[in-house]
Peer 1: 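Before anything else, here's the structure in question.
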Amino acid sequence: MKKLHSSQRMSKIVVHNQTVYLSGQVGNAEDDIKAQTLTCLEKIESLLQEVGSDKSKLLMATVWVKSMSDFAAMNEVWDKWFEGVQPPARACGESALARPELLVEITAIAAE
């Protein structure tokens, strides 16, 4: 097992049995839902690249939005980001996030 970017609280990346587990990624608090979603996805891509994976190997994603009123705008960014790549299985729900200004958080699991 390999753990990267670890602190007392969590690891941003855990690799076990050729599966990559990523902690929740958030965007910049001052941005709107579209920009926050894109930042989350770019962070996921960067973390995956660090362990030799990429978005085409994503297996599962969980998306938490602060308000389902942002669902369509989040999906617009999501759909564009996955153009030409089969998207992973996904769940999406509404939830209070760690800080009130955060609008979306995405966790992901991928093959190595």
Side-chain angles (χ1 to χ4, degrees):
M1 181 179 342
K2 175 171 43 174
K3 296 180 181 182
L4 302 169
H5 304 288
S6 298
S7 68
Q8 181 65 29
R9 182 168 292 156
M10 67 176 190
S11 298
K12 285 188 180 182
I13 306 169
V14 175
V15 181
H16 180 67
N17 288 337
Q18 298 177 315
T19 304
V20 181
Y21 302 87
L22 301 181
S23 64
Q25 300 303 306
V26 298
N28 299 314
E30 64 277 0
D31 290 341
D32 66 10
I33 186 67
K34 288 183 178 183
Q36 285 192 29
T37 301
L38 183 58
T39 298
C40 290
L41 294 170
E42 289 171 342
K43 286 180 175 180
I44 287 169
E45 187 166 38
S46 178
L47 292 169
L48 290 174
Q49 287 173 350
E50 199 172 322
V51 293
S53 189
D54 61 60
K55 67 182 173 181
S56 72
K57 296 179 182 177
L58 281 166
L59 303 171
M60 177 68 189
T62 303
V63 180
W64 295 107
V65 291
K66 180 178 179 178
S67 171
M68 288 308 282
S69 65
D70 286 329
F71 185 71
M74 179 278 298
N75 273 328
E76 186 179 322
V77 175
W78 177 275
D79 293 344
K80 184 174 181 177
W81 196 70
F82 279 104
E83 282 180 0
V85 177
Q86 288 188 324
R90 187 184 93 172
C92 183
E94 182 178 81
S95 178
L97 300 176
R99 298 191 326 260
E101 59 275 10
L102 295 175
L103 304 175
V104 61
E105 181 171 353
I106 303 174
T107 64
I109 301 169
E112 195 170 20

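Worth knowing before you read on, the calculation uses all heavy atoms, side chains too, and leaves out hydrogens, waters and symmetry mates. Heads up: numbering here begins at 1 and tracks the sequence. None of these values were measured; they are calculated from a predicted model.
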Peer 1: Counting N and O atoms only, with roles assigned by atom type, does the side chain of Gln25 sit under 3.5 Å from a partner on the main chain of Lys43, one being a donor and the other an acceptor?
Peer 2: no
Peer 1: Spell out, as yes or no, whether a donor-acceptor pair under 3.5 Å connects the side chain of Ser11 to the backbone of Leu4.
Peer 2: no
Peer 1: Between Lys66 and Leu102, is there a donor-acceptor pair closer than 3.5 Å when you use the side chain of the first and the backbone of the second?
Peer 2: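 Pair absent, no side-chain N/O of Lys66 close to backbone of Leu102.
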Peer 1: Please confirm whether the backbone N or O of Asp31 pairs with a side-chain atom of Gln36, one donor and one acceptor, at under 3.5 Å?
Peer 2: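 A pair under 3.5 Å: yes.
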Peer 1: Pair Cys40, Glu105 - check side-chain contact (heavy atoms from CB on, under 4.5 Å), show working.
Peer 2: CA-CA 7 Å; Cys40 290; Glu105 181 171 353; 5.7 Å; no
Peer 1: What's the spacing between Leu48 CG and Ser56 OG if we round to 0.5 Å?
Peer 2: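 Going from CG on Leu48 over to OG on Ser56, the span is 9.5 Å.
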Peer 1: Are any non-hydrogen side-chain atoms of Leu22 and Ile13 less than 4.5 angstrom apart?
Peer 2: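 Sidechains of Ile13 and Leu22: in contact.
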Peer 1: So, for Ala91 and Met60, which heavy atoms are closest and what is the spacing to 0.1 Å?
Peer 2: N-CE, 3.8 Å
Peer 1: Which atom names give the shortest non-hydrogen contact between Ala108 and Leu58, and what distance separates them?
Peer 2: CB-CD2, 3.6 Å
Peer 1: Side-chain donor-acceptor pairs under 3.5 Å in residues 72-83, sequence neighbours left out?
Peer 2:
| from | atom 1 | to | atom 2 | distance (Å) |
| --- | --- | --- | --- | --- |
| Asn75 | OD1 | Arg90 | NH1 | 2.8 |
| Asn75 | OD1 | Arg90 | NH2 | 2.8 |
| Asn75 | ND2 | Phe71 | O | 3.4 |
| Glu76 | OE1 | Lys34 | NZ | 3.3 |
| Glu76 | OE2 | Lys34 | NZ | 3.0 |

Peer 1: Could you give me the CA-CA distance, side-chain angles and deciding distance for Lys55 and Ile44, then say whether side-chain contact (heavy atoms from CB on, under 4.5 Å) is met?
Peer 2: CA-CA 8 Å; Lys55 67 182 173 181; Ile44 287 169; over 6 Å; no
Peer 1: Do you see a donor-acceptor pair shorter than 3.5 Å between the side chains of Thr19 and Asn17?
Peer 2: no
Peer 1: Taking atom OG of Ser53 and atom CD of Glu45, what is their separation to the nearest 0.5 Å?
Peer 2: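 Output value for this atom pair is 10.0 Å.
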Peer 1: Which atom names give the shortest non-hydrogen contact between Glu101 and Ala29, and what distance separates them?
Peer 2: CG-CB, 3.0 Å
Peer 1: Can you sort out the partners of Met10 under side-chain contact (heavy atoms from CB on, under 4.5 Å), two or more places apart, ordered by chain and number?
Peer 2: Ser7, Ser23
Peer 1: Any side-chain heavy atom of Glu112 sitting closer than 4.5 Å to one from Lys2?
Peer 2: yes
Peer 1: Shared ILVMFWY cluster between Val104 and Leu41, side chains joined below 4.5 angstrom?
Peer 2: yes
Peer 1: With distance as the sole test, does Thr39 use its side chain to make a donor-acceptor pair with the main-chain N or O of Ala35 at under 3.5 Å?
Peer 2: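 At least one qualifying donor-acceptor pair exists.
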Peer 1: Taking all heavy atoms of Leu103 and all of Leu97, pick out the closest pair and write down the distance.
Peer 2: C-CD1, 3.6 Å
